[in-house]
There are 2 protein chains.
Amino acid sequence: MTCSMNYAPQLRAQGLRMTPQRKAILHALHHSGGHLSPTQVYELARKEFSSLTEPTVYRTLEYLAEKKFLLAAHVGNGKIVYELAQNQHHHLICHQCGGTVQVEHAPLELLYRQLESSTGYKLDSSHVTFFGLCSDCQS
Amino acid sequence: MTCSMNYAPQLRAQGLRMTPQRKAILHALHHSGGHLSPTQVYELARKEFSSLTEPTVYRTLEYLAEKKFLLAAHVGNGKIVYELAQNQHHHLICHQCGGTVQVEHAPLELLYRQLESSTGYKLDSSHVTFFGLCSDCQS
DNA sequence: TATGCTATTGTAAAAAGTTGCAATAAGGAA
DNA sequence: TTCCTTATTGCAACTTTTTACAATAGCATA
Ligand SMILES: [Mn+2]
Ligand SMILES: [Mn+2]
Ligand SMILES: [Zn+2]
Ligand SMILES: [Zn+2]
């Protein structure tokens, strides 16, 4: 747990408290780098804080995502995964082999403007998931 | 079950069999019109075929979606819902109140072309989910 | 109509995710 | 340091979803 990451001040700024459970969960997400399922977070974070429980993991992930510290994404099936909210991006997933490609936000800007003006919604700029067949799986 | 719907020939054309379980499941989706969760499908379809079981419902929904008879969508949380694959559309969901708006495919065409040429993927044309705040919830 | 192949289903058990509520502890204030 | 407020957690029970495998039943063929 002696790593550069320290979310305590940012949490406090929004009225949230820093707890050993949250430290362990954020730590797991930080060091894994990519997307983690709640089960994976539970397994990893438990190494930092062994008395961690599942309800806490699910609630924390959902809450921190709502507060914009995390991003939730749907990758394929019906599974939800989380990652630290850092750079803005989207996903393109092959529903054959599961292979994923990151997509920049820039090419979506025009579409977003159109949808916002036609629907009145203010769109989130992160984590849209597209599905398709990768070049290998098209044959 | 005396309604116009008859999927048997289409199923057969792909090597799938028509069973009373599948009839009941398709019937439920047909008459409800919109999106149904697996649990909702289970409850509704059981009225047509009372010995239906959960594993069959989950497997059937996933399989029929894979075979393009159904569309799967993620609406908010981590929940997956299904509907009959008919018209091509996408969804825009308010993550505050849950309100949803259908989005035509046309405005996505340009983006799709760009993503296909930049990634080599062939994109699915159905059921992308965007999130945002509806006009009411922006205040 | 009877037969055979195999797609589909049910069973039973486990895994994953959710809920309500009482107990705990973070962190601001005295 | 101690106290207080209340955000956060653990517990226990429950619901939803998944899995492996043996039994069943579509439907093509004769
Ligand atoms: Mn991502
Ligand atoms: Mn839809
Ligand atoms: Zn692929
Ligand atoms: Zn709203």
Report the relative orientation of the aromatic rings in B:H89 and B:H91; use parallel for angles under 30°, tilted for 30 to 60°, perpendicular for over 60°. perpendicular
Is it true that atom CD of B:Q40 has more than 12 heavy atoms of other residues, nucleotides or ligands lying nearer than 6.0 Å? yes
Can B:H90 and B:H127 be said to form a ring pair (Phe, Tyr, Trp, His ring centres under 6.0 Å), step by step? CA-CA 4 Å; B:H90 308 281; B:H127 254 181; 7.7 Å; no
On DNA chain D, more 5' by nearest nucleotide between B:E54 and A:T56 is A:T56
Would you check if there is a donor-acceptor pair between the side chains of A:H30 and A:E83 at a distance under 3.5 Å? no
Classify B:R12 by what it touches in the nucleic acid, base, sugar-phosphate, or nothing, heavy-atom distance under 4.0 Å. sugar-phosphate
In this structure, how many angstroms lie between the P atom of D:dT8 and the CZ atom of A:F69, rounded? 11 Å
Can you tell me how far P of C:dG27 sits from CG of A:L11, to the nearest Å? 9 Å
Can you tell me how far P of C:dT24 sits from CD of A:Q21, to the nearest Å? 14 Å
Select one nucleotide: of D:dT17, D:dT18, C:dT9, the one nearest the side-chain heavy atoms of B:T60. C:dT9
Could you state the atom-to-atom distance from CD of A:E43 to P of C:dA16 in whole Å? 8 Å
Starting at CG of B:L61 and ending at C1' of D:dT16, how long is that distance when rounded to a whole Å? 14 Å
Taking only the side-chain nitrogens and oxygens of B:Y58, find out if one of them lies under 4.0 Å from OP1 or OP2 of D:dT18. no
Ranking C:dT11, D:dT9, C:dT8 by distance to the side chain of B:L16, first place goes to C:dT8
Can you check whether A:T39 has a side-chain N or O nearer than 4.0 Å to OP1 or OP2 of C:dG17? yes
To the nearest Å, how far apart are A:K67 NZ and D:dA7 P? 11 Å
Considering just the side-chain nitrogens and oxygens of B:Y63, establish if one lies under 4.0 Å of OP1 or OP2 belonging to C:dT8. yes
Could you tell me the separation between the NZ atom of A:K23 and the C1' atom of D:dA7, rounded to a whole number of Å? 16 Å
Per atom distances to the B:R22 side chain, the nearest of D:dT5, C:dG20, C:dT9 is C:dT9
Among D:dT9, D:dC21, C:dG17, which nucleotide sits nearest the side chain of B:K79? C:dG17
Could you work out which one of D:dC11, C:dT11, D:dG26 sits closest to the side chain of A:P55? D:dC11
Euclidean distance, atom CD of residue A:E62 to atom P of D:dT9 [Å, nearest integer]: 13 Å
When you match A:G15 and B:R17 each to their closest nucleotide on DNA chain D, which lands nearer the 5' end? A:G15
Please say whether more than 12 non-hydrogen atoms of neighbouring residues, nucleotides or ligands are located less than 6.0 Å from CD in A:E104. no
Decide yes or no, distance alone: a donor-acceptor N/O pair under 3.5 angstrom between the base of C:dG17 and the side-chain of A:R59. no
